[in-house]
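Presented below is the structure to which this report refers.
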Number of protein chains: 2
Amino acid sequence: MQHAMTIGRLAATAGVSVETIRYYQRRGLLDEPRKPFRGYRHYPPDMAKRVGFIKRAQALGFTLEEIASLLRLDGADCCADTRELAAHKVALIERKLLDLGAVRDALSALVRQCDTGQAEGLCPIISVLAQDGE
Amino acid sequence: MQHAMTIGRLAATAGVSVETIRYYQRRGLLDEPRKPFRGYRHYPPDMAKRVGFIKRAQALGFTLEEIASLLRLDGADCCADTRELAAHKVALIERKLLDLGAVRDALSALVRQCDTGQAEGLCPIISVLAQDGE
DNA sequence: CTTGAGTCCGTACCATACTACGGAGTTTAG
DNA sequence: CTAAACTCCGTAGTATGGTACGGACTCAAG
């Protein structure tokens with residue numbers, strides 16, 4: 001590991017800002033290397049991978065809290081927990097997809113109405129989501 | 001409309017807090033009924049449906065800003081502006097559908113990997129997230 | 001050896017979407 | 001008719017996920 005970096009290089013490598021790195025440290029997602037007696041902290045290159053992990057998990061809809069717990073079970077045999085969390089997210093997303101589809105249909109019906117010039121029905125956006133599903 | 005409610009009953013019916021109702025009023029998502037000379041404002045029952053719509057739209061990932069413009073489309077008849085706005089929202093939703101669909105596919109592929117039990121040591125979800133890929 | 005860039009650290013600020021609080025007025029149940 | 005409960009209204013605080021700032025220190029190039 002001769003390629004230890006400063007925080008600035010780490011941030012650049014990981015594609016985030018220095019402030020974001022520090023924020024993740026405060027949130028407990030990254031640990032802060034010991035500060036040398038004189039000089040700057042140096043970060044191992046793996047840290048950049050960890051930041052990448054965080055960013056990818058975020059893009060999949062995990063909160064920083066959830067990501068922190070994923071990172072805590074990293075490598076452990078708690079695959080089942082991770083699987084549960086992911087499966088739960090999938091279920092949430094499936095519902096969102098259905099509901100979003102309904103809203104899209106209502107809106108595009110409105111657009112079609114406009115195009116065919118029939119001012120008959122009024123747009124019922126509210127009612128397409130009106131049932132207390134969930 | 002003999003069933004006009006006070007803000008407290010509205011909030012209870014809609015399953016949110018009084019403060020949330022007021023907040024939506026401030027944000028322009030709900031209008032505030034006139035205050036009688038002496039007494040409390042009273043809210044029509046439809047208002048609860050409107051709040052329900054807001055909540056469900058939020059769960060779909062719309063911001064309050066976006067929801068405000070969706071609400072403006074409810075009950076709209078077709079003028080050019082309405083058509084434009086609706087078409088724009090449809091495009092927005094199509095994009096969300098694609099993004100969410102991709103997230104779901106990625107996540108459920110990961111869950112399937114867990115299930116096919118080829119877990120030699122590391123959880124597949126963790127190891128995929130840890131990858132530098134992309 | 002100076003200067004400019006980068007680091008350290010704390011604090012403050014941003015947007016979003018609430019949530020809580022306090023004091024005054026109003027309503028309603030007993 | 002009194003007292004609890006509710007409303008009104010403004011202001012202030014919370015959580016999330018950062019971003020910005022400022023002063024002191026340190027490192028690296030000229």
Side-chain angles (χ1 to χ4, degrees), chain A residues 2-44 47-48 50-71 85 89 92 96, chain B residues 2-44 47-48 50-71 92 96:
Chain A
Q2 68 275 57
H3 293 295
M5 331 176 193
T6 63
I7 195 172
R9 276 188 62 66
L10 168 63
T13 303
V16 301
S17 76
V18 168
E19 301 304 324
T20 300
I21 299 288
R22 288 199 207 290
Y23 178 67
Y24 290 166
Q25 290 171 342
R26 287 198 295 281
R27 290 291 303 261
L29 284 93
L30 298 177
D31 34 87
E32 203 172 0
R34 261 180 301 292
K35 192 187 171 184
F37 309 103
R38 196 144 288 175
Y40 301 152
R41 293 170 211 281
H42 38 270
Y43 295 79
M47 198 76 95
R50 205 171 162 95
V51 176
F53 179 102
I54 295 168
K55 285 288 151 192
R56 280 184 291 276
Q58 250 185 334
L60 293 180
F62 294 97
T63 65
L64 291 187
E65 259 312 293
E66 290 168 333
I67 295 167
S69 59
L70 287 179
L71 287 169
L85 185 54
K89 291 271 173 209
L92 283 181
K96 283 192 188 186
Chain B
Q2 66 275 56
H3 292 295
M5 327 177 195
T6 63
I7 196 172
R9 275 186 62 66
L10 168 63
T13 303
V16 301
S17 75
V18 169
E19 301 304 324
T20 300
I21 300 288
R22 289 200 206 290
Y23 178 66
Y24 291 165
Q25 290 171 342
R26 289 198 294 281
R27 291 290 303 259
L29 283 92
L30 299 177
D31 32 88
E32 203 172 0
R34 260 180 301 292
K35 192 187 172 183
F37 308 104
R38 196 144 289 175
Y40 302 152
R41 294 170 211 280
H42 36 271
Y43 295 79
M47 199 76 95
R50 204 172 163 94
V51 176
F53 177 87
I54 294 169
K55 284 288 147 194
R56 280 181 291 275
Q58 251 185 331
L60 296 180
F62 292 100
T63 65
L64 291 187
E65 262 310 295
E66 291 168 332
I67 295 168
S69 60
L70 286 177
L71 284 170
L92 177 80
K96 276 192 195 220

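Order of the sequence lines sets the chain letters (A, B, ...), proteins ahead of strands, with each chain counted from 1. Treat the numbers as computed from the prediction; the structure is a model and nothing was measured.
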Hey, are the side chains of F62(A) and L85(A) touching, using non-hydrogen atoms and a 4.5 Å cut-off?
yes
Of all the nucleotides listed (dT7(C), dC8(D), dC18(C)), which has the minimum atom distance to the side chain of I7(B)?
dC8(D)
Does a side-chain N or O of T20(B) approach OP1 or OP2 of dC18(C) to a distance below 4.0 Å, or not?
no
Looking only at side-chain N and O atoms, does Q25(B) come under 4.0 Å of OP1 or OP2 in dC9(D)?
no
Under 4.0 Å protein heavy-atom contacts per nucleotide of nucleotides 24-30 of chain D, with B for base, S for backbone only and - for none
--BS---
Measure from CZ on R26(A) to P on dG18(D) and round the result to the nearest Å.
11 Å
Nearest listed nucleotide, side chain of Y23(A), among dT19(C), dA17(C), dT19(D)
dT19(D)
From the set dG17(D), dC18(C), dC9(D), return the single nucleotide nearest to any side-chain atom of R22(B).
dC9(D)
Got a second to check how far L29(B)'s CG is from T20(B)'s OG1, nearest 0.5 Å?
12.0 Å
Tell me which nucleotide among dC9(D), dG17(D), dA17(C) gets nearest to the side chain of E32(B).
dC9(D)
Which atom names give the shortest non-hydrogen contact between K96(B) and G61(B), and what distance separates them?
NZ-O, 2.7 Å
Just the dot-bracket of DNA chain C, please: which string comes out with Watson-Crick or G-U pairs under 3.5 Å, [ ] for crossing, | for another strand?
||||||||||||||||||||||||||||||
Non-hydrogen side-chain atoms of H42(A) and P36(A) separated by less than 4.5 Å:
yes
Look at the side-chain N and O atoms of Q58(A) and state whether any lies under 4.0 Å from the OP1 or OP2 oxygen of dG18(D).
yes
Less than 4.0 angstrom between a side-chain N/O of K55(B) and OP1 or OP2 of dC18(C), yes or no?
yes
Interatomic distance, I67(B) CD1 vs dA17(C) P [rounded to whole Å]:
7 Å
Return the CG to CZ distance between L64(B) and R27(B), rounded to the nearest 0.5 Å.
5.0 Å
Looking only at heavy atoms, which two atoms of A11(B) and I21(B) are closest? And how far apart?
CB-CG1, 4.0 Å
For atom NE2 of H42(B) and atom P of dC8(D), their distance in whole Å
11 Å
Looking at every non-hydrogen atom in both residues, tell me the closest pair between S69(B) and E66(B) and how far apart they are.
OG-O, 2.8 Å
Test Y43(A) against T6(A) for side chain to side chain contact (heavy atoms under 4.5 Å, CB included), laying out the working first.
CA-CA 6 Å; Y43(A) 295 79; T6(A) 63; 5.7 Å; no
Which residue, E19(B) or T63(B), contacts DNA chain C at a nucleotide closer to its 5' end, judged by nearest heavy atom?
T63(B)
Euclidean distance, atom CZ of residue R9(B) to atom P of dT26(C) [Å, nearest integer]
22 Å
Nearest-nucleotide check on DNA chain D, L64(A) vs Y43(B); residue mapping nearer the 5' end is Y43(B)
Please state how far atom CD1 in I21(B) lies from atom C1' in dC9(D), giving the value in whole angstrom units.
16 Å
Does T6(A) place a side-chain N or O at less than 4.0 Å from the phosphate oxygens OP1/OP2 of dG6(C)?
no
Over all atoms of both residues, closest heavy-atom pair of M47(A) and D31(A)
CE-O, 3.2 Å
Taking side chain as C-beta onward, heavy atoms only, is K55(A) less than 4.5 Å from V16(A)?
yes
Could you work out which one of dT16(D), dC18(C), dC21(C) sits closest to the side chain of Y24(B)?
dC18(C)
